[in-house]
Amino acid sequence: MSGLKLKVMVVTRFAPSPTGLLHLGNARTAIFSYLFARHSGGKFILRVEDTDRERSKKEFEEVILEDLKWIGLDWDEFYRQSERFDIYGKYIEQLLEKGYAYPCFCTEEELERERRIAELRRVPYRYSGKCRNLSEREVERLKAEGRPYTIRFRVPDGRTVVFEDLIKGKIAISVDDFGDFIIVRSDGSPTYNLAVVIDDALMGVTHVLRGEDHISNTPKQILIYEALGFEPPKFAHLPVILGPDRSKLSKRHGAVSVSSYREEGFLPEALFNYLCLLGWSPPDGEREIFSKEELIEIFDLKDVNRSPAVFNLEKLRWMNGVYIREVVSLERLYEVALPFLREAGYRVDNEAYVKRVLQLTRDSYETLRDMVDRLRPFFVDRVDVPDRLTQLLREMEATRVFEKVVENLDGADLSSPEKVREFVRSVVKDTGLKPRQVWHSLRIALTGEEEGIGVDILLSVLPKDRIRLRLEEAISCLR
RNA sequence: GCCCCCGUCGUCUAGCCUGGCCUAGGACGCCGGCCUUUCACGCCGGAAACGCGGGUUCAAAUCCCGCCGGGGGUGCCA
């Protein structure tokens, strides 16, 4: 602690609504908010925005929290809006009393009709203001009748709200573009625009980082801040993430949830790193691989791009490969690989063996899913050789190779890939066959496939009894 | 339709603020070569961009204007 900074502590928050899985775009927003807070030694708050009782689901909340933790985020405070309704109630009263808001008895059908008419006439839709000036008596009467009502914010006429966005710069929006908007639903629950303002103000949020799809909400919120007598925070609207067709990344582009990437065998470190590079770039140099700690150190809003970025799975895959082969420790790789190997039904009780295999093969797969396929020969007892390849073995006179190997197996030193190559060279010499033929024959008998991991690596870790078993099986099969 | 935002290789981007160092740099992907027991990995090389049109200036990717293009919003969703 330098103790020199007298600035007010930075407080950011991530506010997901539990109406679906954690989307990559939201995950990136969360990451940027987190980095920004941690960079300045500030506070990062997680707040579940579940005011919409219809669509919010507890299961989604659980998965979102799990995904946030998985990707490496931690938070200092946690809130759930559904538990704060009484707080909102107090402020709603205040707005009503001071005339900043009023009850609206228009039904959804009525409003829907107004909207359709506006669309037909090709004019921008705004609430008509029908209930704006209802007398107190009228209001009481309608309430007494039991008519359901919402509460609308009374937007001041002719106002243009201007704010300085930390990423986009100055943004000015006229209130004519939206009109009086609903802040309390007819079931009494506050809408997003109201709850978000009260919470951000009460929680001391200083910087609101969110997707740019929220830009149009910002003037509404600023108006509420003013009506409530709160100081608005700074806003930073992040460009959205696009799919390959340049429309907002969504389900129809395929996997978009953090959990699906976890299931596909991506490492959280790699996904975190990749997401940071979408819309942000390091201030100097051309490096792309950064740890979370480094990102906390160098992250700055001024380096956030203003334009939307297209998500590129190929690059994510590449980066994941970089993490698998050279960034993470063997210990860490073992940790993340184990569940995948287990799930595939592989025998992984021998930790040293699994680690040996991983260390020798880690430079040849980009995801843990790929790894599972790639490592099959290391973890199964026997392999199936398709007829086509059995035929090929015959043509290559493979029996001679296998017999020779089995014959010399006991005395052979197969302790390393180098030693294996030495051994195979002797087999080549003894059989008089071409090196290619020998290697290829061994590959097919040992893996049942024509391509894959290096045979030298395979032979150097595979227990001799398993080598013998596969070769003997191949021999009998060829007879 | 209306409002707002954005516009450098196919994609992510550096450069733009503070014009000249830009014959525009890096990365993914792509193509070619090397390595090699296969596929990968690795190494070497290559193709590939300042949306268009005006203006300002000795000089513009960089500043100004217009156009075009893309995106987002337009909910009793967030």
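Quick caveat: nothing in here was measured; it's all calculated off a predicted structure.
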Interface polar pairs with nucleotides 24-26 of chain B, N/O, under 3.5 angstrom:
unit_1, atom_1, unit_2, atom_2, d
G25(B), O2', Glu286(A), OE2, 3.2
G26(B), O4', Glu286(A), OE2, 3.4

Check: protein-nucleotides 49-51 of chain B nitrogen or oxygen pairs below 3.5 Å:
none

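Contact check of residues 59-66 of chain A against RNA chain B (heavy atom, cut-off under 4.0 Å) returns no residues at all. Within residues 238-256 of chain A, the residues having any heavy atom under 4.0 Å from RNA chain B are, by residue number, Val240(A), Arg246(A), Ser247(A), Lys248(A). Near RNA chain B, defined here as any heavy-atom distance below 4.0 Å, the residues from residues 437-458 of chain A are Trp439(A), Arg443(A), Glu450(A), Glu451(A), Gly452(A), Ile453(A), Gly454(A), Val455(A), Asp456(A), listed numerically.
When the C1' atom is used for both G42(B) and A60(B), the distance is 42 Å, rounded to whole Å. Across the C1' atoms, U36(B) and C30(B) are found 23 Å apart, a figure rounded to whole Å. Rounded to a whole angstrom, the distance from the C1' atom of C22(B) to that of C50(B) is 10 Å. When the P atom is used for both G19(B) and A59(B), the distance is 15 Å, rounded to whole Å. Taking atom P in both G7(B) and C63(B), one finds a spacing of 11 Å when rounded to whole Å.
No more than 12 heavy atoms of other residues, nucleotides or ligands shown are found within 6.0 angstrom of NZ on Lys130(A). Shown here is Arg53(A), whose CZ atom has more than 12 heavy atoms of other residues, nucleotides or ligands within 6.0 Å.
If you check the side chains of Ser82(A) and Asp50(A), you find a donor sitting under 3.5 Å from an acceptor. In this structure, a donor-acceptor pair under 3.5 Å is absent between the side chains of Ser250(A) and His23(A).
With sequence neighbours left out, the side-chain hydrogen bond (donor to acceptor under 3.5 Å, both in side chains) criterion links Arg470(A) to no other residue.
Evaluation of atom-type donor-acceptor distances gives no pair under 3.5 Å for the side chain of Arg306(A) against the base of C5(B). The base of C76(B) is paired with the side chain of Ser186(A) by a donor and an acceptor separated by under 3.5 Å.
Here Arg436(A) reaches the OP1 or OP2 of U38(B): one of its side-chain N or O atoms lies under 4.0 Å away.
Taking the side chain as every heavy atom from C-beta outward, Tyr79(A) and Leu202(A) never approach each other to under 4.5 Å. A 4.5 Å side-chain heavy-atom check between Ser56(A) and Pro18(A) finds at least one atom pair inside the cut-off. You'll find the side chain of Leu35(A) stays beyond 4.5 Å of the side chain of Trp280(A), heavy atoms only.
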